[in-house]
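Written below as C-alpha cells is the structure these notes are about.
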Amino acid sequence: MPDDRGLHVSLLAIPDAMAGTLAGMYEIFGLFEVLGTLDDAVPVRSPFHAEIIAVDDAQRAASGLPLGAHRRLEEVERTDIVILPSVLVRDGIWTRGRHAAVVDWLTSRHREGAMLCSACSGVLLLAETGLLDGREATLHWAYASTFSANYPSVRLRIGEALVAAGDRGEIVMSGASASWHDLVLYLVARTVGPTAAQAIARFMLLQWHVEGQSPFIDFQPPRDHGDRVVREQQDWLARNYAERRPVEGMVRQSGLAERTFKRRFRAATGYAPIAYVQQVRIREAKRRLERTVAPIEDIAWAVGYEDPAAFRRLFKRVTNMTPGAYRRRFSVPVLPLTASA
C-alpha cells in the first residue's frame, strides 16, 4: 500500500494521549533526511510518511497540551501502519466502549493489511478489536490488572518490552512509557534494516530495552484481598523477610495448619509463600543496590541469603539482570558539580 512518499504511518491522537510518545515517534519517522547525510546506514529519503490523525475535536494530550493533526480519522481509509500512543488511564481503571468508532476503524485497517501497533497503555484500546484474543501482549505493569480484567483471554507478558503477535507479526506492542523507543526502532529495523535502526538509536540516544521490563517492575503484592490472617502475615514478613525460615514463621504466627495457610496465602496473593518471600527479598535487595555502596555479598546476607551465589542466581531469574548490572543501571548517579566562579 505504500505511495511514492513511503509507508503511510497513522499516529492516532486519541483522548488522554501522552504527547511525548506521540511527538517522539513522529519526529523519528522524519529524521531520515538529516541523519541520512551523516550516516550511510540511513537512507536520505524516509521510507515513512507519518501523519497525526485526529480522533475527536478536543485534540489535547493528557497534560492539556494542544495537539495538532494532519487529518481526521474518517478521512483515512487506507494506511500501512497504525500506532496507538500511550494514554493516561484515570485511576488505573480502563472502561471499554468509549471509542467504538476507533475500534471499528482499527478492525477495518487490519482487515486491509495494515500493521497495528501500540505504545504502553494504548494496547487497552487496541485489545477492544478482539484481535489479541488468545494471543500475547505487553503494556505497562501498572495497568496489568485492569487489562486482565477486561481481556482475560489475552496472555500478558509483562516482563517483555516488546511483543509481536498475529499470523504475520502484524500486531506490535511495547511496554512501559519509554519503550516506545523499542517500538519505533523495531519498525525501522523491520522496514529498513537493523543497521539503520542502530544508527538512529545511537544518534538519538534511544534505548533498546533488551533486558525487558523485569528490572523495572516493582513488586506490589495485593493487600486488599479481604483475608485478615494473610494480611497480618504479609505485614509480619515486611519486617522479618531476613528470617532464616520465614515461611515457617508465617505459618506459626497464623495459627493455621501449614497446608491450610499455604492454600489461603496463594488464594489471597496469587503467590506461593516461598515465591512471595523471594519477591519481597529481591525488592529489598534492589533498593540497597540502588541506594548504597554495600558489597553484593553483604546485601545478600542482609536480605536473608547466606549463599551469595544462590542470591545472584535468584536475582538474575527475577530481574533478568545480575546484581552488578542492576547496580550499574539503576544506582543514583554522581551528578556533575557546577563550576565555581
Side-chain angles (χ1 to χ4, degrees), residues 92 138-145 148 155-163 175-179 207 209-225 227 230-254 261-262 264-333:
T138 190
L139 80 166
H140 195 297
W141 57 88
Y143 300 132
S145 60
S148 294
R155 302 187 299 276
L156 276 183
R157 293 175 59 191
I158 292 301
E160 301 297 328
L162 191 79
V163 170
S177 300
S179 64
Q207 290 276 1
H209 297 92
V210 294
E211 71 281 352
Q213 297 195 119
S214 296
F216 299 85
I217 299 174
D218 190 33
F219 178 58
Q220 296 291 340
R223 301 175 64 82
D224 57 352
H225 42 68
D227 190 320
V230 171
R231 173 65 181 271
E232 288 173 352
Q233 299 320 305
Q234 289 178 275
D235 293 341
W236 179 87
L237 184 67
R239 301 186 301 272
N240 298 279
Y241 54 81
E243 290 268 332
R244 188 173 183 184
R245 294 185 176 85
V247 174
E248 292 181 13
M250 287 192 291
V251 171
R252 183 175 60 253
Q253 296 281 339
S254 73
F261 172 77
K262 290 182 176 179
R264 283 178 59 171
F265 194 95
R266 181 187 284 276
T269 68
Y271 292 87
I274 187 59
Y276 187 96
V277 169
Q278 290 171 342
Q279 290 286 346
V280 170
R281 286 175 167 180
I282 293 301
R283 180 178 61 185
E284 177 61 23
K286 288 165 72 173
R287 297 290 180 271
R288 293 173 185 244
L289 288 165
E290 294 165 8
R291 302 169 185 176
T292 76
V293 295
I296 292 172
E297 291 76 9
D298 291 355
I299 291 176
W301 181 272
V303 300
Y305 294 102
E306 298 178 2
D307 182 357
F311 166 73
R312 284 186 166 91
R313 288 193 298 271
L314 176 64
F315 192 95
K316 176 71 181 294
R317 178 166 61 81
V318 172
T319 69
N320 207 27
M321 299 179 78
T322 65
Y326 185 90
R327 168 169 273 167
R328 289 190 294 273
R329 179 70 178 273
F330 293 105
S331 60
V332 178

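Residues I296 and P308 are not in side-chain contact: their nearest non-hydrogen atoms beyond the backbone lie 4.5 Å or more apart. R327 places a side-chain heavy atom less than 4.5 Å from the side chain of I299. Between F216 and H140, the closest side-chain pair of non-hydrogen atoms is not below 4.5 Å. Looking at W141 and Q220, their side chains never come closer than 4.5 Å, going by heavy atoms from C-beta outward. Here the side chains of P323 and L289 are in contact, with some heavy-atom distance below 4.5 Å. Residues Q278 and V318 fail the side-chain proximity criterion, which asks for heavy atoms closer than 4.5 Å. Residues F261 and M250 meet the side-chain proximity criterion, which asks for heavy atoms closer than 4.5 Å. Side-chain contact between W301 and E306 is present, with heavy atoms from C-beta onward closer than 4.5 Å.
The environment of CH2 in W236 is crowded: more than 12 heavy-atom neighbours from other residues, nucleotides or ligands sit within 6.0 Å.
Distance alone, capped at 3.5 Å, places no donor-acceptor pair between the S214 side chain and the N320 backbone. Judged by distance alone, with hydrogens and angles left aside, the side-chain atoms of T138 form no donor-acceptor pair with the main-chain N or O of G175 at under 3.5 Å. Between the side chain of Q213 and the main chain of A176, a donor-acceptor pair closer than 3.5 Å is present. R283 places no side-chain N or O within donor-acceptor distance of the main-chain N or O of D218, the cut-off being under 3.5 Å. At least one donor-acceptor pair under 3.5 Å links the side chain of S254 to the backbone N or O of V251.
A pairwise comparison of heavy atoms in A268 and P222 identifies O-CG, 4.0 Å as the closest pair. Closest heavy-atom contact between L237 and P246: CD1-CB, 3.8 Å. When all heavy atoms are compared, the tightest approach of R317 to L314 is NH2-CD1, 2.9 Å. A pairwise comparison of heavy atoms in P215 and Y326 identifies O-CE1, 3.5 Å as the closest pair. When all heavy atoms of Y271 and A275 are compared, the closest pair comes out as CD2-CB, 4.4 Å.
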**Message:** Run the ring-ring contact (aromatic ring centres under 6.0 Å, His included) test on F315 and Y305 for me, step by step, so that the C-alpha distance in whole Å, both residues' side-chain angles and the decisive distance to 0.1 Å come before the verdict.
**Reply:** CA-CA 11 Å; F315 192 95; Y305 294 102; over 10 Å; no

**Prompt:** Do D227 and T269 pass the side-chain contact (heavy atoms from CB on, under 4.5 Å) test, and can you show the C-alpha distance, the side-chain angles, and the key distance before you say yes or no?
**Reply:** CA-CA 10 Å; D227 190 320; T269 68; over 6 Å; no

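Atoms CZ and NE2, from R264 and H225 in turn, are 10.0 Å apart once rounded to the nearest 0.5 Å. Rounded to the nearest 0.5 Å, atoms CG (L162) and NE2 (H209) are 11.5 Å apart. Annotation: the span from I274 atom CD1 to F265 atom CZ amounts to 10.5 Å, rounded to 0.5 Å. Residue K262 holds its NZ atom at 10.0 Å from CZ of R266, rounded to the nearest 0.5 Å. To the nearest 0.5 Å, the span separating CG on D307 from CD on E297 amounts to 10.5 Å.
Under a 4.0 Å N-O distance rule, the pair R329/E290 does not qualify as a salt bridge. The pair R231-D235 counts as a salt bridge, with a side-chain nitrogen and a carboxylate oxygen less than 4.0 angstrom apart.
Defined by atom type and a distance below 3.5 Å, a donor-acceptor pair is present between the side-chain atoms of Q234 and Y276.
For the side-chain hydrogen bond (donor to acceptor under 3.5 Å, both in side chains) with E284, the lone residue among R287, R281, R288 that qualifies is R288.
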